[in-house]
Amino acid sequence: MIEQYRGYEIKVYWSNIDLGYVFCVFSMDGEGIMESGTYFYEENAWMGAKETVDRYIEVKERGLDRWTI
């Protein structure tokens with residue numbers, strides 16, 4: 001599934017390799033920002049993706065060069 005969230009594109013999908021749900025976050029111009037580890041439930045992957053976008057936006061607004069908060 002694909003969802004637009006706060007100006008970013010989130011894709012959540014089942015990974016047969018990892019045997020769980022994984023998310024990828026992309027900027028609107030298609031630049032890959034992050035791929036997650038494995039989540040057991042799809043709902044948790046969506047929550048993790050949205051938290052990642054929120055954290056990424058916060059770091060950009062604060063002008064930091066790293067986005068681990």
Value for CG (L19) from CH2 (W14), rounded to nearest 0.5 Å, stands at 6.0 Å
Given side chain to side chain contact (heavy atoms under 4.5 Å, CB included), test Y39 with W46 step by step and report yes or no.
CA-CA 9 Å; Y39 289 83; W46 282 111; over 6 Å; no
Calculate, to the nearest 0.5 Å, the distance between atoms CD1 and OG1 belonging to I57 and T52 respectively.
11.0 Å
Filter on salt bridge (charged side-chain N to carboxylate O under 4.0 Å, His left out), then keep only pairs touching residues 43-52, sequence neighbours left out; what's left?
E3-K50
Go through the steps for I33 and S27 under the test side chain to side chain contact (heavy atoms under 4.5 Å, CB included), then give the verdict.
CA-CA 7 Å; I33 295 173; S27 67; 4.2 Å; yes
Residues which pass side chain to side chain donor-acceptor pair (under 3.5 Å) with Y8, listed by chain and number, not counting sequence neighbours
K60
Using the salt bridge (charged side-chain N to carboxylate O under 4.0 Å, His left out) rule, collect all pairs that involve residues 13-40, keeping only residues at least two apart or in two chains.
none
Cluster membership besides F40, Ile/Leu/Val/Met/Phe/Trp/Tyr side chains within less than 4.5 angstrom, sorted by chain and number, is Y41
Hydrophobic side-chain clustering at under 4.5 Å (ILVMFWY, transitive links): who's grouped with Y13? Put none if nobody.
V22
Which residues satisfy the side-chain contact (heavy atoms from CB on, under 4.5 Å) test with M47, sequence neighbours excluded?
N44
Minimum heavy-atom distance A45-F23, with the two atoms named:
O-CD2, 3.4 Å
Intermediate values then yes/no, side chain to side chain contact (heavy atoms under 4.5 Å, CB included), I10 and V53:
CA-CA 9 Å; I10 300 171; V53 170; 4.2 Å; yes
Any salt bridge (charged side-chain N to carboxylate O under 4.0 Å, His left out) pairs touching residues 7-16, not counting sequence neighbours?
E9-K11
Shared-cluster residues of F26, by chain and number - hydrophobic side chains joined below 4.5 Å:
none
